[in-house]
Engineer: 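After the structure tokens below, expect a handful of questions from me.
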Amino acid sequence: MMNLKRFMTLAAATAILAVASSQSSQADDYPSKTVTVVVPFAAGGNTDTFGRLVAEQLDKRLGQRFIVENKPGAGGNIGLGDLARSKPDGYTIGMGTVSSNAINQTLYKTLPYDKEKGFAPISLIASLPNVLVVNPDKIKANSVEELITFLKSEPGKHTYASSGVGTSIHLAGELLATKADLKITHVPYKGSSQAILDVVAGHVDMMFDNIPTAAQQVKAGKVKALAVTSLEKASLLPDVPTMASVIPGFEATSWHGLFAPAGTPPEIVEKLSKEVQAIIADPAMQEKLKAMGVTPVGNTSAEFQAFIDSETAKWAEVIKAANVPLQ
């Protein structure tokens with residue numbers, strides 16, 4: 001009996017070692033063929049830009065092609081649904097954002113993937129602040145304090161644009177309205193490019209927008225920047241104060257990270273995470289991202305997951321407090 005028990009124990013230990021060895025070998029050999037990088041938004045946007053920057057460097061560092069495939073639609077849900085259903089072997093990975101991977105979890109009644117366990121986070125690539133801009137002919141304010149006073153004097157009469165329902169740009173406006181007890185009307189667009197043009201034209205009074213695009217209009221004098229939504233001042237608009245300096249704790253950044261389908265071997269996720277961290281830490285990449293007004297990050301899978309959890313909880317609270325209709 002003892003011999004059988006010892007044999008079974010030895011067999012189990014051997015099996016565990018074999019699995020561990022197999023997984024290690026799998027990571028060592030990875031990648032051995034082309035990797036698809038799903039971007040769940042249209043080409044030319046920030047998510048696409050970051051995805052292509054990282055894919056190009058992974059291609060060089062790992063010796064295999066990393067090909068970007070754009071699958072836009074439904075606030076990122078179409079592309080992420082495809083990513084979640086992909087074989088979890090590391091050969092299909094994808095980009096995700098604050099909207100697609102933190103806000104949508106509350107905003108949408110149903111999603112084409114498991115809200116809790118759909119993905120394995122690889123690394124947060126970068127975050128970028130939004131900036132609150134106003135049409136100076138429609139909004140008579142030179143600061144957030146003056147804006148709040150002005151909007152309270154004319155409740156319900158003013159509008160703010162966004163790039164679409166449930167985006168970080170939209171919810172930054174809802175966060176302002178909730179925190180400052182304002183009555184302002186949301187006007188959603190299909191993307192921020194047309195939204196900011198309508199603010200310039202005076203069709204809409206104000207908006208939060210991603211700083212790389214809004215900064216051009218600010219510097220041209222077409223809109224007035226009142227505050228940025230990061231906790232620290234932004235390099236592209238260094239003279240513009242933060243929202244947090246007026247409303248403590250106000251933060252609404254747009255972030256972009258890399259994900260794998262749930263069930264991807266941890267060793268492969270870890271290998272990719274270390275590669276992304278090294279890519280982001282490279283001085284040339286740091287300089288390129290900072291020139292875009294972006295904060296480079298590059299963190300571990302565990303750190304990224306903790307960040308996603310905190311962001312999901314924060315935006316769930318804003319969505320519920322603002323009574324944003326579920327999609």
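All values below come from the heavy atoms of this structure, side chains included, with hydrogens, waters and symmetry mates left out.
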Engineer: Can you tell me how far CG of Asn77 sits from CG of Asp82, rounded to the nearest 0.5 angstrom?
Structural biologist: 11.0 Å
Engineer: Angle class for the His170/His186 ring planes (parallel below 30°, perpendicular above 60°, tilted otherwise)?
Structural biologist: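 Judged by the thresholds at 30° and 60°, the geometry between His170 and His186 is parallel.
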Engineer: State, yes or no, whether a side-chain contact exists between Val133 and Met207 at a heavy-atom distance under 4.5 Å.
Structural biologist: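 The answer is yes, as the side chains (C-beta and beyond) meet within the 4.5 Å cut-off.
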Engineer: Mind checking side chain to side chain contact (heavy atoms under 4.5 Å, CB included) for Thr229 and listing every partner two or more places apart, or none if nothing turns up?
Structural biologist: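 Side chain to side chain contact (heavy atoms under 4.5 Å, CB included) check on Thr229 returns Pro129, Asn130, Phe208, Met243, Phe250, Ala252.
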Engineer: Can you find a heavy atom in the side chain of Leu111 that is under 4.5 Å from one in the side chain of Leu80?
Structural biologist: no
Engineer: Restricting to non-hydrogen atoms, name the atom on Ser192 and the atom on Asp209 that form the minimum distance, rounded to 0.1 Å.
Structural biologist: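 Distance-wise, the nearest heavy atoms are CB-OD1, 3.4 Å.
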Engineer: Determine whether Leu132 and Val223 fall in the same hydrophobic cluster, where Ile, Leu, Val, Met, Phe, Trp and Tyr are linked whenever their side-chain heavy atoms lie under 4.5 Å apart.
Structural biologist: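 Yes, because Leu132 and Val223 connect within a single hydrophobic cluster, where side-chain heavy atoms sit under 4.5 Å apart.
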Engineer: Spell out, yes or no, whether Val144 and Phe150 are grouped together once hydrophobic residues are joined by side-chain heavy atoms under 4.5 Å, including indirect joins.
Structural biologist: yes
Engineer: Could you go through Trp315 and Glu174, starting from their C-alpha distance and side-chain angles, then the distance that decides it, and tell me whether this counts as side chain to side chain contact (heavy atoms under 4.5 Å, CB included)?
Structural biologist: CA-CA 10 Å; Trp315 291 119; Glu174 296 289 1; over 6 Å; no
Engineer: Which pair of heavy atoms, one from Pro121 and one from Val269, lies closest together, and at what distance?
Structural biologist: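 So the minimum-distance heavy-atom pair works out to O-CG1, 3.6 Å.
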Engineer: How long is the gap from CD on Glu275 to NZ on Lys271, to the nearest 0.5 Å?
Structural biologist: 7.0 Å
Engineer: What pairs meet the salt bridge (charged side-chain N to carboxylate O under 4.0 Å, His left out) rule with one or both residues in residues 176-185, with sequence neighbours excluded?
Structural biologist: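 Residue pairs passing salt bridge (charged side-chain N to carboxylate O under 4.0 Å, His left out), neighbours aside: none found.
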Engineer: Are any of the side-chain heavy atoms of Met95 and Ser100 separated by less than 4.5 Å?
Structural biologist: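 No, too far: nothing below the 4.5 Å cut-off.
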Engineer: Could you note down all residue pairs passing salt bridge (charged side-chain N to carboxylate O under 4.0 Å, His left out) where residues 122-141 supplies at least one of them, sequence neighbours left out?
Structural biologist: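 Listed by first then second residue: Lys138-Asp205.
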Engineer: I need the Asn104 CG to Tyr113 OH distance, nearest 0.5 Å.
Structural biologist: 5.5 Å
Engineer: For the CD1 atom of Ile268 and the CG atom of Asp89, what is their distance to the nearest 0.5 Å?
Structural biologist: 7.0 Å
Engineer: Applying the 4.5 Å side-chain criterion to the ILVMFWY set and letting contacts propagate, would Phe41 and Ile78 be lumped into a single cluster?
Structural biologist: no
Engineer: Do the side chain of Glu69 and the main chain of Val39 share a donor and acceptor less than 3.5 angstrom apart?
Structural biologist: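 Not confirmed, Glu69 side chain does not pair with Val39 backbone.
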Engineer: Decide yes or no for Ile308 and Thr312: does some side-chain heavy atom of the first lie under 4.5 Å from some side-chain heavy atom of the second?
Structural biologist: yes
Engineer: Could you check if a side-chain atom of Lys87 sits within less than 4.5 angstrom of a side-chain atom of Pro261, using non-hydrogen atoms only?
Structural biologist: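 SC-SC contact between Lys87 and Pro261 ruled out.
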Engineer: Taking atom CD of Glu154 as the centre, does the number of heavy atoms from other residues, nucleotides or ligands within less than 6.0 Å exceed 12?
Structural biologist: yes
Engineer: Decide if atom CZ of Arg65 counts as having more than 12 heavy atoms of other residues, nucleotides or ligands within a radius under 6.0 Å.
Structural biologist: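 It does not: Arg65 CZ has 12 such atoms or fewer within range.
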Engineer: Here's a test for you: under side-chain contact (heavy atoms from CB on, under 4.5 Å), which of Val54, Asn299, Leu258, Val297 qualifies with Ser123?
Structural biologist: Asn299
Engineer: Does Lys222 NZ have over 12 foreign heavy atoms under 6.0 Å away?
Structural biologist: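 For Lys222, atom NZ is not crowded (no more than 12 foreign heavy atoms under 6.0 Å).
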Engineer: List the atom of Ala316, the atom of Thr106, and the distance in Å for their closest heavy-atom pair.
Structural biologist: CB-OG1, 3.2 Å
Engineer: Determine whether a donor-acceptor pair (N or O, by modelled atom type, separation under 3.5 Å) exists between the side chain of Tyr30 and the backbone of Gly90.
Structural biologist: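 Yes, because the side chain of Tyr30 sits within donor-acceptor range (under 3.5 Å) of the backbone of Gly90.
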Engineer: Hydrogens and angles aside, do Thr149 and Glu145 bring a side-chain donor and acceptor to less than 3.5 Å of each other?
Structural biologist: no
Engineer: Give a yes or no on whether Val98 and Phe50 share a hydrophobic cluster (residues Ile, Leu, Val, Met, Phe, Trp, Tyr; joining criterion: side-chain heavy atoms under 4.5 Å apart).
Structural biologist: no
Engineer: Please list all pairs meeting salt bridge (charged side-chain N to carboxylate O under 4.0 Å, His left out) that have one or both residues in residues 296-319, counting only residues at least two apart or in different chains.
Structural biologist: Glu311-Lys314
Engineer: Going through the checks in order, is the side chain to side chain contact (heavy atoms under 4.5 Å, CB included) test met by Thr242 and Glu232?
Structural biologist: CA-CA 7 Å; Thr242 65; Glu232 298 180 354; 5.6 Å; no
Engineer: Closest approach of Ala55 and Val68, non-hydrogen atoms and distance?
Structural biologist: CB-CG2, 4.0 Å
Engineer: Lys115 side chain to Gln105 main-chain N or O, any donor-acceptor pair under 3.5 Å?
Structural biologist: yes
Engineer: Under the side-chain hydrogen bond (donor to acceptor under 3.5 Å, both in side chains) rule, what pairs show up with a residue in residues 41-55, not counting sequence neighbours?
Structural biologist: Asn46-Asn210, Thr47-His256, Asp48-Arg52, Asp48-Asn70, Arg52-Asn70
Engineer: Which atom pairs, one a donor and one an acceptor, fall under 3.5 Å between side chains of residues 195-202 and the rest of the protein, sequence neighbours left out?
Structural biologist:
unit_1: Asp198; atom_1: OD1; unit_2: Gln194; atom_2: NE2; d: 3.1
unit_1: Asp198; atom_1: OD2; unit_2: Tyr189; atom_2: OH; d: 2.6

Engineer: Salt bridge or not for Lys60 and Glu56, using N-O below 4.0 Å?
Structural biologist: yes
Engineer: Between Ile280 and Leu289, is any pair of side-chain heavy atoms under 4.5 Å apart?
Structural biologist: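 Yes, close enough: below the 4.5 Å cut-off.
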Engineer: Can you give me the closest heavy-atom contact between Leu226 and Ala141, atom names plus distance?
Structural biologist: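 What the structure gives for the nearest pair is CD2-O, 3.8 Å.
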Engineer: Distance check, rounded to the nearest 0.5 Å: Tyr108 atom OH versus Gln327 atom CD?
Structural biologist: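 Spacing of OH (Tyr108) from CD (Gln327) equals 5.5 Å.
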Engineer: Using modelled atom types only, decide if a donor and an acceptor are shared between the side chain of Thr159 and the backbone of Thr185 within a distance under 3.5 Å.
Structural biologist: no
Engineer: Kindly indicate, with the supporting measurements, whether the criterion side chain to side chain contact (heavy atoms under 4.5 Å, CB included) is fulfilled by Ile279 and Arg61.
Structural biologist: CA-CA 9 Å; Ile279 289 167; Arg61 293 175 64 90; 3.5 Å; yes
Engineer: Keeping the roles fixed (side chain from Thr178, backbone from Leu175), state whether a donor-acceptor pair exists under 3.5 Å.
Structural biologist: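 Judged by distance alone, no pair lies under 3.5 Å.
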Engineer: Linking I/L/V/M/F/W/Y whenever any side-chain heavy atoms sit under 4.5 Å apart, do Leu53 and Leu236 land together?
Structural biologist: no
Engineer: Would the distance check show the side chain of Thr253 and the main-chain N or O of Trp255 forming a donor-acceptor pair, the cut-off being under 3.5 Å?
Structural biologist: no
Engineer: Nearest heavy-atom pair of Thr34 and Gln64: which atoms, and what distance?
Structural biologist: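 In this case the closest contact between Thr34 and Gln64 is N-OE1, 4.0 Å.
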Engineer: Start with the C-alpha distance between Val318 and Ile103, add both sets of side-chain angles, then the distance that settles side chain to side chain contact (heavy atoms under 4.5 Å, CB included), and finish with yes or no.
Structural biologist: CA-CA 10 Å; Val318 173; Ile103 293 171; over 6 Å; no
Engineer: To the nearest 0.5 Å, how far apart are CZ in Phe259 and CG in Leu83?
Structural biologist: 9.0 Å
Engineer: Between Ser273 and Gln277, does a side-chain hydrogen bond (donor to acceptor under 3.5 Å, both in side chains) hold up when you go through it step by step?
Structural biologist: CA-CA 6 Å; Ser273 181; Gln277 290 172 60; 2.9 Å; yes
Engineer: Could you tell me whether the side chains of Tyr91 and Ser86 share a donor-acceptor contact shorter than 3.5 Å?
Structural biologist: no
